[in-house]
Amino acid sequence: MERELTLMRGITSLYDDQSEEVHDLSSSLISVGIIERESITLEGLVTILNRASDINRSAPHDPEESIGAYIERTCPNVLIFAPDGELNLADLEAIRQRYAHIKFLLLIRSRIGFDVASVLEVGVSAIISKGARAEELLAAIRSISRGDPYLSPEFSSQLVKKFSFGCLTPRERAVLEEMAVGLSTKRIARRLGISEGTVKCHIKKIFEKLGAGSRSQAIFIAAQLGLLPILSAK
């Protein structure tokens with residue numbers, strides 16, 4: 001009897017271990033929601049996401065349901081957002097502020113005129129074209145799920161045209177480089193031999209010149225402009 005109990009405990013333990021593995025596997029998946037009304041594009045997105053083993057796709061957004069209700073019901077890590085017609089930055093910013101924990105991937109037609117820096121400023125993590133390849137879409141999703149922004153090359157070129165390579169002073173570049181390696185304001189001040197207040201002023205100027213709303217956005221934009229060669233080469 002004791003031997004049978006021991007065997008049963010071993011079997012139970014085995015199933016418990018397997019359950020934990022399944023749970024760990026599901027928790028490592030990237031949960032992706034889709035807001036897209038063009039049926040052809042939507043079908044393509046669903047097909048691409050279904051093929052990715054590391055992505056858990058939610059059912060696409062139903063136009064009859066509010067965006068807020070959809071987000072709260074599906075709880076995505078990444079939301080693919082394809083706006084209808086002209087991009088409304090005010091509405092986009094309102095959604096981003098309400099759901100700040102979600103990474104937004106903007107899927108847009110490249111011919112629609114909009115300011116890339118302004119879109120990044122409201123908190124969008126990735127901008128890619130509807131004409132992008134499947135590999136680029138998946139790369140963008142994986143990148144922003146790790147906390148790294150992503151821009152299609154065509155949108156990166158818009159940033160390059162808008163900003164001058166010499167738009168930052170030598171001191172601002174030095175502060176930016178320290179920001180890029182993750183140093184705090186206090187540590188930057190120590191390394192550069194300046195006050196924290198001065199560092200904060202430089203950071204404010206960097207944000208203004210690059211059209212950024214956060215450190216990560218400033219670093220991303222600067223890398224796209226070639227102002228951070230090490231990051232740009234990645």
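What you see is a predicted model, and the numbers here were worked out from it, not measured in a lab.
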Self-check item: Intermediate values then yes/no, side-chain contact (heavy atoms from CB on, under 4.5 Å), R171 and I194
Solution: CA-CA 10 Å; R171 179 61 82 182; I194 56 180; 4.2 Å; yes
Practice problem: Would you please test F81 and I67 for side-chain contact (heavy atoms from CB on, under 4.5 Å) and show each step? | Solution: CA-CA 10 Å; F81 186 77; I67 293 177; 3.8 Å; yes
Quiz item: Between L137 and L105, is a side-chain contact (heavy atoms from CB on, under 4.5 Å) present by the stated rule, with each step listed?
Solution: CA-CA 9 Å; L137 173 67; L105 185 155; 4.2 Å; yes
Practice problem: Walk me through it: do E136 and Y150 pass the test side-chain contact (heavy atoms from CB on, under 4.5 Å)? | Solution: CA-CA 10 Å; E136 183 177 1; Y150 187 96; 3.1 Å; yes
Practice problem: Decide salt bridge (Lys or Arg N to Asp or Glu O under 4.0 Å) for E177 and R191; before the verdict, give the C-alpha distance in whole Å, the side-chain angles of both, and the deciding distance to 0.1 Å. | Solution: CA-CA 11 Å; E177 289 173 1; R191 283 179 63 88; over 6 Å; no
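Formation of a donor-acceptor pair under 3.5 Å by the R57 side chain with backbone atoms of L49 is not found in this model. Using modelled atom types, no side-chain atom of E38 and backbone atom of I40 make a donor-acceptor pair closer than 3.5 Å. Formation of a donor-acceptor pair under 3.5 Å by the T47 side chain with backbone atoms of E43 is found in this model.
Using cut-offs of 30° and 60° for the angle between ring planes, the Y70 and H61 rings count as perpendicular.
Atoms CD1 and CD1, on I127 and I144 in that order, are 11.0 Å from each other to the nearest 0.5 Å. Put simply, OG on S145 and CD1 on I30 are 3.5 Å apart, with the number rounded to the nearest 0.5 Å. In this structure, CG on L151 lies 10.5 Å from CD1 on I128, to the nearest 0.5 angstrom. A distance of 6.5 Å separates CG of L168 from CG of L176, quoted to the nearest 0.5 Å. Note that CD1 of I203 is 10.0 Å distant from CD of E196, once rounded to the nearest 0.5 Å. In this structure, the separation between CG on D54 and CG on L29 is 7.5 Å, given to the nearest 0.5 Å.
In this structure, S31 and C75 have side chains that are not in contact, with every pair of non-hydrogen atoms separated by 4.5 Å or more. Between F104 and V122, every side-chain heavy-atom pair lies at or beyond the 4.5 Å cut-off. Counting heavy atoms from C-beta outward, N77 and H101 have side chains that stay 4.5 Å or more apart. Within the 4.5 Å cutoff, side-chain heavy atoms of E72 are placed close to those of Y99. Using a 4.5 Å heavy-atom cutoff, the side chains of P76 and I102 are in contact. Side-chain atoms of I80 and I141, non-hydrogen and from C-beta on, do get closer than 4.5 Å to each other. Using a 4.5 Å heavy-atom threshold, the side chains of V119 and I108 count as separate. Put simply, the side chain of K205 does not reach to within 4.5 Å of the side chain of H202, judged on heavy atoms.
The pair E178-R173 does not count as a salt bridge, with every side-chain nitrogen at least 4.0 angstrom from each carboxylate oxygen.
When all heavy atoms of L210 and A222 are compared, the pair lying nearest together is CD1-CB, 4.0 Å. Nearest approach of P149 to S143, heavy atoms of both residues: O-OG, 3.5 Å.
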Quick one: side chains of residues 179-190, donor-acceptor pairs under 3.5 Å with protein atoms, not counting sequence neighbours, listed by atom name and distance.
residue: S184; atom: OG; partner: R187; partner atom: N; Å: 3.3
residue: T185; atom: OG1; partner: R215; partner atom: NH2; Å: 2.8

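Remark: R73 pairs with E65 by the salt bridge (charged side-chain N to carboxylate O under 4.0 Å, His left out) rule, at least two apart or across chains.
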